[in-house]
Amino acid sequence: MTSEGSHDFARVRRIVKTDEFSSVFRLRPTQKSAHFVLYTRPTTLPHARLGVVAAKRFAPRAVTRNTIKRITRELFRTSKLQAVDCIVRLSRPVNTKAGPATTRALKAELRVELARLFASQRPRPAPPASS
């Protein structure tokens, strides 16, 4: 497999073990956005892997947390990333129990933020060779 964007989210593309999460969290955040923090760590695997952390205190409803995870996985699958372990962590509240669980505007805002985070991790083109 290459590091090209894949349209599956098989188990090999997920960070699932606590030790794997911990090893990535030990590093400093790579990028921050209004609601998310992205942690990355280079890996020897031929593809990128993803872990998502959406705490109940920042998204009190399960519907909201699941929407965040679904959008994150969708953008991860379609992004062409380097071989890195990525963890996307929700770091600020996205809504409250009083408001609606999800809205079209919230989904669009989250999609834009996450797309920017993943775009920062795309492989850089090699500089042109000078002759």
Side-chain angles (χ1 to χ4, degrees):
M1 282 190 166
T2 63
S3 61
E4 298 290 316
S6 175
H7 294 287
D8 69 342
F9 195 57
R11 189 169 178 89
V12 297
R13 294 191 175 274
R14 300 180 206 161
I15 299 175
V16 290
K17 296 181 181 175
T18 304
D19 294 345
E20 295 169 343
F21 271 93
S22 297
S23 68
V24 179
F25 275 134
R26 266 188 239 124
L27 304 173
R28 287 185 165 203
T30 306
Q31 294 286 326
K32 293 181 181 181
S33 69
H35 294 103
F36 298 99
V37 177
L38 176 69
Y39 296 85
T40 58
R41 181 187 71 150
T43 184
T44 57
L45 297 172
H47 52 78
R49 296 188 310 166
L50 176 69
V52 182
V53 178
K56 196 182 277 189
R57 68 180 180 163
F58 295 132
R61 293 185 179 172
V63 173
T64 308
R65 292 191 303 276
N66 291 336
T67 299
I68 290 166
K69 293 174 189 176
R70 192 175 307 115
I71 291 170
T72 305
R73 287 191 303 260
E74 172 192 338
L75 290 170
F76 176 79
R77 283 193 306 262
T78 58
S79 296
K80 297 179 181 182
L81 299 176
Q82 308 172 52
V84 292
D85 286 346
C86 298
I87 294 180
V88 175
R89 182 176 60 90
L90 184 62
S91 62
R92 292 209 173 88
V94 291
N95 60 7
T96 62
K97 278 189 176 179
T102 60
T103 61
R104 187 172 288 151
L106 175 65
K107 289 179 185 178
E109 180 184 351
L110 296 176
R111 189 170 271 119
V112 167
E113 279 187 50
L114 290 164
R116 282 190 193 134
L117 289 176
F118 287 133
S120 72
Q121 297 304 307
R122 288 194 184 119
R124 307 275 190 264
S130 33
S131 25

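With sequence neighbours excluded, the residues forming a side-chain hydrogen bond (donor to acceptor under 3.5 Å, both in side chains) with Asn95 are Thr64, listed by chain and number.
Across every non-hydrogen atom of Pro46 and Ala83, the tightest pair is C-CB, 4.4 Å. Of all the heavy atoms in Ala55 and Leu90, the pair that sits closest is O-CD2, 4.4 Å.
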Side chains of residues 37-45: which donor-acceptor pairs under 3.5 Å do they make with residues two or more places apart or in other chains?
residue	atom	partner	partner atom	Å
Tyr39	OH	Arg89	NH2	3.2
Thr40	OG1	Thr30	OG1	2.6
Arg41	NH1	Ser23	OG	3.1
Arg41	NH2	Asp85	OD2	2.8
Thr43	OG1	Leu45	N	3.4

Show which side-chain atoms of residues 107-115 pair as donor or acceptor with protein atoms under 3.5 Å away, not counting sequence neighbours.
residue	atom	partner	partner atom	Å
Arg111	NH2	Glu74	OE1	3.2
Glu113	OE1	Ser33	OG	2.7
Glu113	OE1	Ala34	N	3.4
Glu113	OE1	His35	N	2.9
Glu113	OE2	His35	ND1	2.7

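Interatomic distance, Asn66 CG to Thr102 OG1, rounded to the nearest 0.5 Å: 10.5 Å. The structure places CZ of Arg49 at 13.5 Å from CG of Leu81, a figure rounded to the nearest 0.5 Å. Distance check: Thr72 OG1 to Leu50 CG gives 7.0 Å after rounding to the nearest 0.5 Å. A distance of 11.5 Å separates OG1 of Thr67 from CZ of Arg61, quoted to the nearest 0.5 Å.
For the pair Thr78/Phe118, no side-chain contact is recorded, criterion being any heavy-atom separation below 4.5 Å from C-beta on. The closest side-chain heavy-atom distance from Val53 to Phe21 is below 4.5 Å.
In this structure, Val84 is not a member of the same hydrophobic cluster as Phe36, with clusters built from ILVMFWY side-chain heavy atoms closer than 4.5 Å.
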